[in-house]
There are 2 protein chains.
Amino acid sequence: MPTYSDNGPDPSEQDTNLPPPEQHARQYAAVRDAHETELIEDYVELIGDLLDHAGEARATDIAARMGVRQATVARMIRRLNDQGLVTNEPYRSIFLTERGRAMAEESRKRHGVVLQFLRSLGVDDATARIDAEGMEHHVSETTLGIMHAFTRSQNKAGD
Amino acid sequence: MPTYSDNGPDPSEQDTNLPPPEQHARQYAAVRDAHETELIEDYVELIGDLLDHAGEARATDIAARMGVRQATVARMIRRLNDQGLVTNEPYRSIFLTERGRAMAEESRKRHGVVLQFLRSLGVDDATARIDAEGMEHHVSETTLGIMHAFTRSQNKAGD
DNA sequence: AAACTTTTTTAGCCAAGGCTAAACTGTGCA
DNA sequence: TGCACAGTTTAGCCTTGGCTAAAAAAGTTT
């Protein structure tokens, strides 16, 4: 178990001051907001991937890849439909609306940037995939841009 | 709105293959697991910070900093108590148990590493704080170690 | 000491996202 | 053609984590 206390400047020794209460609250609010959209985005992204890769997105496959039951997927699909992100007729495959496609594309891109960034930092593939899945929804546009630039510079340097 | 499609190797162009279903499911399961402990850790970390910084952790302050109502805090405190992370007598300040202190310390360290890493990447302070808050629970030990090393090397280079 | 204010707690509502069980639809094969 | 099985949907349960409203305790002020 690493302790990060060997020597040199220690990044875990941040300035010990707490942010002012309102700013602090905004930080947590941002996390809560992210959580609300997170799962929606994951479903939409996965449906997009399945459509691209397998030609269709069936509830069974979504359930298997999400690691949840089909009943859970069915209800989520209804919610996505309510929000105008997918179209679905009973017992048929699921398709993305224009908005759904846009969200899937956005999500896929964001996911890709984070994943490649982690890899270019030197994180092994399996770990990078897990971390990217969790991190992707919490990375701001600003940070995403910086990650993208970093990855590109690393790749260039690696040539 | 950045498109990440200017030129050069594009990190968003990841290999298009989906992971095998079981691995994919494990990734999502990891995210769900993280979500379960996330809020607990945030509360414990905040309580630890308040104890260190203000000498006591009162429900009002926790509520203000979390950006939620006191009723929400009260119920969460009971849950933390049930899990053996805090001790509290009615109408008194809250304290951490040994386990709670360990979790707070762990969390604080992790948070610090991620925050400093983002800063040393060049992310502005306000953004780094928000992103760190969300990312911290989704960063594996492996990645955390790499972030820590990166930050130290950057700081050294910056001298 | 009594009254008022603040803090804490409790009770109860709601939505989200898991689950199981059971009903229903569609498909493929005898 | 009809039947069995796989896939899908619905119904209903549970926990979590927000909320408001109201009760109870603590603290403060006159």
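Chain A is the first sequence line, chain B the second, and so forth, proteins listed ahead of strands; every chain is numbered from 1.
For R69(B), the side-chain atoms get nearest to dT20(D) when compared with the rest of dC19(C), dT20(D), dG18(D).
Listed by chain and number, the residues in a ring-ring contact (aromatic ring centres under 6.0 Å, His included) with H138(A) are H35(A), H138(B) (sequence neighbours excluded). Listed by chain and residue number, nothing satisfies the salt bridge (Lys or Arg N to Asp or Glu O under 4.0 Å) test with R65(A) (two or more places apart in sequence, or in another chain). A search for side-chain contact (heavy atoms from CB on, under 4.5 Å) contacts involving T87(B) returns F95(B), T97(B), not counting sequence neighbours. With sequence neighbours excluded, the residues satisfying side-chain contact (heavy atoms from CB on, under 4.5 Å) with R78(B) are R75(B), D82(B). With sequence neighbours left out, F150(B) forms a ring-ring contact (aromatic ring centres under 6.0 Å, His included) with F150(A), F117(B). Looking at residues two or more places apart in sequence or on another chain, you find a side-chain contact (heavy atoms from CB on, under 4.5 Å) between D61(A) and L50(A), R58(A).
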Quiz item: Nucleotide by nucleotide, 5' to 3', does protein get under 4.0 Å of the base (B), only the sugar-phosphate (S), or neither (-) in nucleotides 24-29 of chain D, counting heavy atoms?
Solution: BSSS--
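In terms of position along DNA chain C, the nucleotide closest to A74(B) lies nearer the 5' end than the nucleotide closest to the other residue of the pair A74(B) and H35(A). Looking at which nucleotide of DNA chain D each of I77(A) and R32(A) is closest to, the 5′-most match is held by I77(A). Between A71(A) and Q70(B), the residue anchored nearer the 5' end of DNA chain C, judged by the nucleotide with its closest heavy atom, is Q70(B).
For the pair N81(B) CG and dT8(C) P, the interatomic distance rounds to 16 Å; values are reported in whole Å. Rounded to an integer number of Å, the gap from CG of D82(B) to P of dT15(D) is 13 Å. Distance, R78(B) CZ to dG18(D) P: 15 Å, rounded to whole Å. Taking atom CG of L39(A) as the reference point, atom P of dA16(C) lies 11 Å away to the nearest angstrom. Distance, M66(B) CE to dT16(D) P: 17 Å, rounded to whole Å. When rounded to the nearest whole Å, the span between CD of E38(B) and P of dA16(C) equals 19 Å. Atom-to-atom, CD of E36(A) to P of dA16(C) comes out at 8 Å; the value is rounded to the nearest Å. Summarising the geometry, the separation between CZ on R75(A) and C1' on dT20(C) is reported as 12 Å, rounded to the nearest angstrom.
At dT8(C), one or more side-chain N or O atoms of T60(B) fall inside 4.0 Å of OP1 or OP2 (strictly under the cut-off).
Across T72(B), I47(B), L85(B), a single residue satisfies side chain to side chain contact (heavy atoms under 4.5 Å, CB included) together with I77(B), and that is I47(B).
Pairs engaging residues 88-99 of chain B under the salt bridge (Lys or Arg N to Asp or Glu O under 4.0 Å) rule: E98(B)-R101(B) [sequence neighbours left out].
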Quiz item: Where does DNA chain D pair, written as one dot-bracket string 5' to 3', with Watson-Crick or G-U pairs under 3.5 Å, ( ) inside the strand, [ ] for crossing pairs and | for another strand?
Solution: ||||||||||||||||||||||||||||||
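Contacts of T72(B) with the nucleic acid, taken as non-hydrogen atoms under 4.0 Å apart, include base atoms.
To the nearest 0.5 Å, atom CG of residue L18(A) and atom CD of residue Q23(A) are 10.5 Å apart.
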